[in-house]
Amino acid sequence: MKVSVIGMGYVGLVATCALANSGHEVIGIEKDVNKLTKLRQGKCPIFEQGLDELLQKLISENRIAFSSGIEAVNGSDIVMLAVGTPAMPNGRVDLSQVYGVVSELVKVLDTPTILVMKSTVPPGTGESICQRYLKNTKVPIAYISNPEFLREGQALKDWYYPDRIVIGGDDDSAIEQVKRLYGDIDAPILVMGITSAEMVKYASNAFLATKISFINEIANLCELVGADIDEVAPAVGMDSRIGKEFLRAGLGYGGSCFPKDTKGLDYVSVFKGYNFRLLKAVIEVNTNQRIRAVRKLERALDGLAGKHVAILGLAFKPGTDDIREAPSLDIIPLLLVEGATVTAYDPLATENARKVLPPDVKFADNPYDCIEGAQAVLLATEWPEFSQLDWLQARTRMKSPYVILDGRNALEKDELNRLGFQYYGIGR
Ligand SMILES: NC(=O)C1=CN([C@@H]2O[C@H](COP(=O)(O)OP(=O)(O)OC[C@H]3O[C@@H](n4cnc5c(N)ncnc54)[C@H](O)[C@@H]3O)[C@@H](O)[C@H]2O)C=CC1
Ligand SMILES: O=C(O)[C@H]1O[C@H](OP(=O)(O)OP(=O)(O)OC[C@H]2O[C@@H](n3ccc(=O)[nH]c3=O)[C@H](O)[C@@H]2O)[C@H](O)[C@@H](O)[C@@H]1O
C-alpha cells in the first residue's frame, strides 16, 4: 500500500521504518528541516536500538523517502498522523499540531484517502475532526482511529508483536484497508467506534500509571511497617488477575506519555463534569514520589545545604536518551534549591538534559567521575551499567557518610551495606 506518515517524532519514525520494512511504499513527512536532513542521511534524531540500522538499510535499498511538503500525501492510500499532542500547563491536550495538519490536508488532498490517527488524542477528538473538517471535502476522506501502544526502547519489537491492534471507525472499506496495513502482524485486531478506540489508549496508559502509583504507595507503607517490596510485589503480581508487569516501585513514572495522558484524561473528566478521583490520586502520588526522594536524602545527609549529591541516570528509563518528564528533572532542581551541589551522569541522555537543567549542574563523562567527592548518590535510572559498577572503587571516590538512595531498587542492598554504604531504597 502507499502510505504517508506525517510527523517524524518517535512514533512517526518507527511507523515509517516498520511499514516500509513490511513492504509498503512509505513517505515520511516532517516540517523540521534539521530532522529531515538527518533522516535523509540515515541518522535517527532519537535513539532506539536497531532503528538507525533499519533506516540506513531502507534508504540504501530505496524503500523509504522523506519530504517536508504536505502535498506529498497525494496518491496515498493511507495518510497516517503521528504529530505531537503535548500537555498544556493546565493538563489540557494541545491539539494544535493535529488540527494544523488536518486543516492543511483537506486543502491539498486531491485523491481519496484514509486518514489514520496514530497520535494519542482525547476521546471525542476524532468525531469532532469528522464533523468540522471531513464533511464537505473535495475528495472523500475516511477517518480511522488507530492508537499506538509501543514503548520507547523496544519500539520495533512492540510494533511487530503488539498485544492487540485497535481500529476505530465506521467505514467498512477503510477498516479493511487499515487491517491490510498490518497484514504481516499476528495480533488480535479489535474494531470499534472512533471514540472507544481513543478511550482504549487513555484507559490503558492511565491503568498502567495506576499500577505504578499503587505499588509506590505499597512500597512507602512497607517502609513504615517493616515489610520489603522486593518480597511483596512479585508475590502480589503472581496472581494472574493482577499480573507481574508494572509493579516496580521507584521514583514514579516519567516519559512523554504517562504524565501527559493521565493529566489529559483528568482534564477531559473535569471538562465533562466528572470527578475522576482515582486518577487525581495517581498523579499526586507520582509527584510526591519525587519529593519523598529529596526528603530521604535530606534526612540521610542531615540537611542538603552545602552537600554534594551525584545523580546516576537522567533518562526517564533505561535504553533511551529521552528525558521528557524524567524524575531526574524534578529532583535535581529541588536539590539545588535546598543548597546542594549536583553532578550528573547518564550514558545516553546527558546532551538532552544539559539543554533543560539549570547551568549549575555539572555533567560527568563516566559514573566514577560523577561520584567523585559526593556524600550521596541517587540512582535515578536503572541503567545496567550502574548495577555492574565497581562499588568498592566508587566508595573510595566518595565522602562520608556514603549515602546511596537507590531510586529504582536496582542495586544489591546487602552488598552495599557490607561495603560501608548507608543504603536506602524504595520500600526495601
Ligand atoms: N513517544 C512514544 O513512545 C509514544 C507516543 N505516542 C503518541 O504519538 C504521538 C507522537 O508522539 P512523539 O512521536 O513522541 O511526538 P514528537 O512531538 O516527538 O514528534 C512530533 C513530530 O511531528 C512534527 N510535526 C508537527 N507538525 C507537523 C506538520 N504540520 N507537518 C509535518 N510534521 C509535523 C514535529 O516537528 C515533530 O517532529 C503523540 O500523540 C504521543 O502521545 C503513542 C505511543 C507511544
Ligand atoms: O503512550 C505511550 O507513549 C507509551 O507509554 C508507555 O511507554 P513508555 O513511556 O515508552 O515507557 P514505559 O516502559 O511504560 O515506562 C514509563 C515510565 O514508568 C516507569 N515504570 C514502569 C514500570 C514500572 O513497574 N515502574 C515504573 O516506575 C518507567 O521507569 C518510566 O519512567 C507505555 O508502556 C506504552 O504502552 C505507551 O504506548
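None of the values given here were measured: they were computed from a predicted structure. Counting starts at 1 for both ligands and their atoms, following the listed order.
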Chemist: Is there at least one pair of N or O atoms, one from Asp32 and one from ligand 1, spaced under 3.5 Å apart?
Modeler: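 Such a contact does not occur with ligand 1.
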Chemist: Starting from atom 23 (C) of ligand 1, what is the nearest protein heavy atom, named by residue and atom, and what distance separates them?
Modeler: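 Sorting protein heavy atoms by distance from atom 23 (C) of ligand 1 puts Glu30 OE1, 3.3 Å first.
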Chemist: Checking a contact table here: which protein heavy atom is nearest atom 29 (N) of ligand 1, and how many Å away?
Modeler: Val101 CG2, 3.3 Å
Chemist: Is it the case that ligand 1 has an N or O less than 3.5 angstrom from some N or O of Lys201?
Modeler: no
Chemist: Hey, is ligand 1 close enough to Lys35 that some N/O pair sits below 3.5 Å?
Modeler: yes
Chemist: Going by heavy atoms, is Cys257 under 4.0 Å from ligand 1?
Modeler: yes
Chemist: Between the side chains of Asp261 and Lys201, is the shortest nitrogen-to-carboxylate-oxygen separation below 4.0 Å, so that they form an ion pair?
Modeler: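 No.
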Chemist: Side chains of Arg408 and Ser387 only: does a donor on one sit below 3.5 Å from an acceptor on the other?
Modeler: no
Chemist: Could you check atom 7 (C) of ligand 1 against the protein and tell me its nearest heavy-atom contact, residue, atom and distance included?
Modeler: Thr120 OG1, 3.5 Å
Chemist: Answer yes or no: does an N/O atom from Lys118 fall short of 3.5 Å to an N/O atom of ligand 1?
Modeler: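 N/O-N/O distance below 3.5 Å does not exist for this pair.
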Chemist: Within the structure provided, determine whether Met199 and Leu265 are in side-chain contact (heavy-atom separation under 4.5 Å).
Modeler: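 They are in contact (side-chain heavy atoms under 4.5 Å apart), so the answer is yes.
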Chemist: For ligand 1 and Glu148, I'd like to know whether there is a polar contact (N/O to N/O, distance under 3.5 Å).
Modeler: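 For ligand 1, there is no N or O atom that lies under 3.5 Å from one belonging to Glu148.
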Chemist: So for ligand 1, is Ile6 a polar contact partner (N or O within less than 3.5 Å, distance only)?
Modeler: no
Chemist: Quick one: which of Gly7, Ser96, Gly153, Gly84 has a heavy atom closest to atom 20 (C) of ligand 1?
Modeler: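 Nearest heavy atom to atom 20 (C) of ligand 1 lies in Gly84.
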Chemist: Tell me whether Glu223 is salt-bridged to Lys296, with the criterion being a basic N under 4.0 Å from an acidic carboxylate O.
Modeler: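 Looking at Glu223 and Lys296, the cut-off is met.
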Chemist: Quick check: Glu152 and ligand 1, any N/O pair under 3.5 Å apart?
Modeler: yes
Chemist: Around atom CZ of Arg92, are there more than 12 heavy atoms from other residues, nucleotides or ligands closer than 6.0 Å?
Modeler: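 For Arg92, atom CZ is not crowded (no more than 12 foreign heavy atoms under 6.0 Å).
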Chemist: Protein N/O near ligand 2 N/O, under 3.5 Å, which pairs?
Modeler:
residue  : atom   : partner : partner atom : Å
ligand 2 : 1 (O)  : Lys201  : NZ           : 2.7
ligand 2 : 1 (O)  : Asn205  : ND2          : 2.9
ligand 2 : 10 (O) : Glu152  : N            : 2.8
ligand 2 : 10 (O) : Lys317  : NZ           : 3.2
ligand 2 : 11 (O) : Lys317  : NZ           : 3.1
ligand 2 : 13 (O) : Lys317  : NZ           : 2.9
ligand 2 : 24 (O) : Leu247  : N            : 3.3
ligand 2 : 24 (O) : Arg248  : N            : 2.8
ligand 2 : 25 (N) : Arg248  : O            : 2.9
ligand 2 : 27 (O) : Arg408  : NH1          : 3.4
ligand 2 : 29 (O) : Arg408  : NH1          : 3.3
ligand 2 : 31 (O) : Gly254  : N            : 2.9
ligand 2 : 31 (O) : Phe316  : O            : 2.9
ligand 2 : 35 (O) : Phe149  : O            : 2.8
ligand 2 : 37 (O) : Phe149  : O            : 3.2
ligand 2 : 37 (O) : Leu150  : N            : 3.4
ligand 2 : 37 (O) : Leu150  : O            : 2.7
ligand 2 : 37 (O) : Lys201  : NZ           : 3.0

Chemist: Which distance, rounded to the nearest 0.5 Å, do you find between the NZ of Lys38 and the CG of Leu55?
Modeler: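 It is 12.0 Å, given to the nearest 0.5 Å.
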Chemist: Closest non-hydrogen protein atom to atom 19 (O) of ligand 1, residue and atom name please, with distance?
Modeler: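 For atom 19 (O) of ligand 1, the nearest protein heavy atom is Gly9 CA, 3.2 Å.
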Chemist: Listing request: all ring-ring contact (aromatic ring centres under 6.0 Å, His included) pairs with a residue in residues 121-141, at least two apart in sequence or in separate chains.
Modeler: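 Qualifying pairs, neighbours excluded: Tyr99-Tyr133.
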Chemist: Is the contact between Arg324 and ligand 1 made by the side chain, the backbone, both, or neither, using heavy atoms and a 4.0 Å cut-off?
Modeler: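 Arg324 to ligand 1: side-chain contact only, backbone stays beyond 4.0 Å.
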Chemist: Where does Lys260 meet ligand 1, judged by heavy-atom distances below 4.0 Å: at the side chain, the backbone, both, or neither?
Modeler: side chain
Chemist: Going by distance alone, is a donor N or O of one side chain under 3.5 Å from an acceptor N or O of the other, for Asn366 and Tyr345?
Modeler: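 Their side chains do not contain a donor-acceptor pair, so the 3.5 Å distance test is not met.
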Chemist: Can you tell me which portion of Ser256 lies within the under-4.0 Å heavy-atom range of ligand 1? Options are side chain, backbone, both, or neither.
Modeler: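 The part of Ser256 near ligand 1 is the side chain, not the backbone.
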Chemist: My understanding is that we take every heavy atom of each candidate and find the minimum distance to atom 39 (O) of ligand 1. Doing that for Thr320, Asp158, Leu36, Thr85, which one comes out nearest?
Modeler: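 Among Thr320, Asp158, Leu36, Thr85, the closest heavy atom to atom 39 (O) of ligand 1 comes from Thr85.
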Chemist: State plainly whether the residues Arg295 and Glu338 are in salt-bridge range, i.e. N to O under 4.0 Å.
Modeler: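 Looking at Arg295 and Glu338, the cut-off is met.
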Chemist: Of all the non-hydrogen atoms in the protein, which one sits nearest to atom 11 (O) of ligand 1, and at what distance?
Modeler: Val11 CG2, 4.3 Å
Chemist: To check your reading of the model: name the closest protein heavy atom to atom 9 (C) of ligand 1, its residue, and the distance in Å.
Modeler: Val83 O, 3.4 Å
Chemist: Less than 3.5 Å apart, any donor N or O on the side chain of Thr37 or Lys43 sitting next to an acceptor on the other?
Modeler: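 Looking only at side-chain atoms, Lys43 and Thr37 do not form any donor-acceptor pair under 3.5 Å.
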Chemist: Which heavy atom of the protein is the closest neighbour of atom 32 (N) of ligand 1, given with residue, atom name and distance?
Modeler: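 Closest protein heavy atom to atom 32 (N) of ligand 1: Lys31 N, 3.3 Å.
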Chemist: Return the closest protein heavy atom for atom 25 (C) of ligand 1 as residue, atom name and distance.
Modeler: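 In this structure, atom 25 (C) of ligand 1 has Gln97 OE1, 3.1 Å as its nearest protein heavy atom.
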Chemist: Roughly how far apart are Leu251 CG and Ser328 OG, rounded to 0.5 Å?
Modeler: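 Result: 9.0 Å between the selected atoms.
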Chemist: Answer yes if the side chains of Tyr253 and Asn216 hold a donor-acceptor pair under 3.5 Å, and no otherwise.
Modeler: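 The answer is no; no qualifying pair exists.
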Chemist: Taking atom types as modelled and ignoring hydrogens, do the side chains of Asn409 and Arg248 form a donor-acceptor contact shorter than 3.5 angstrom?
Modeler: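 Result is no, nothing qualifies.
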Chemist: Could you tell me if Arg324 sits above the aromatic ring of Phe316, with its cationic atom closer than 6.0 Å to the ring centre and no more than 45 degrees from the axis?
Modeler: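 No, Arg324 does not sit over the ring of Phe316.
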Chemist: Under 4.0 Å between a Lys/Arg side-chain N and an Asp/Glu carboxylate O for Asp77 and Lys2?
Modeler: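 No, no charged N to carboxylate O under 4.0 Å.
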Chemist: Side chains of Ser22 and Asp184: any donor to acceptor distance under 3.5 Å?
Modeler: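 Yes, Ser22 and Asp184 have a side-chain donor paired with an acceptor closer than 3.5 Å.
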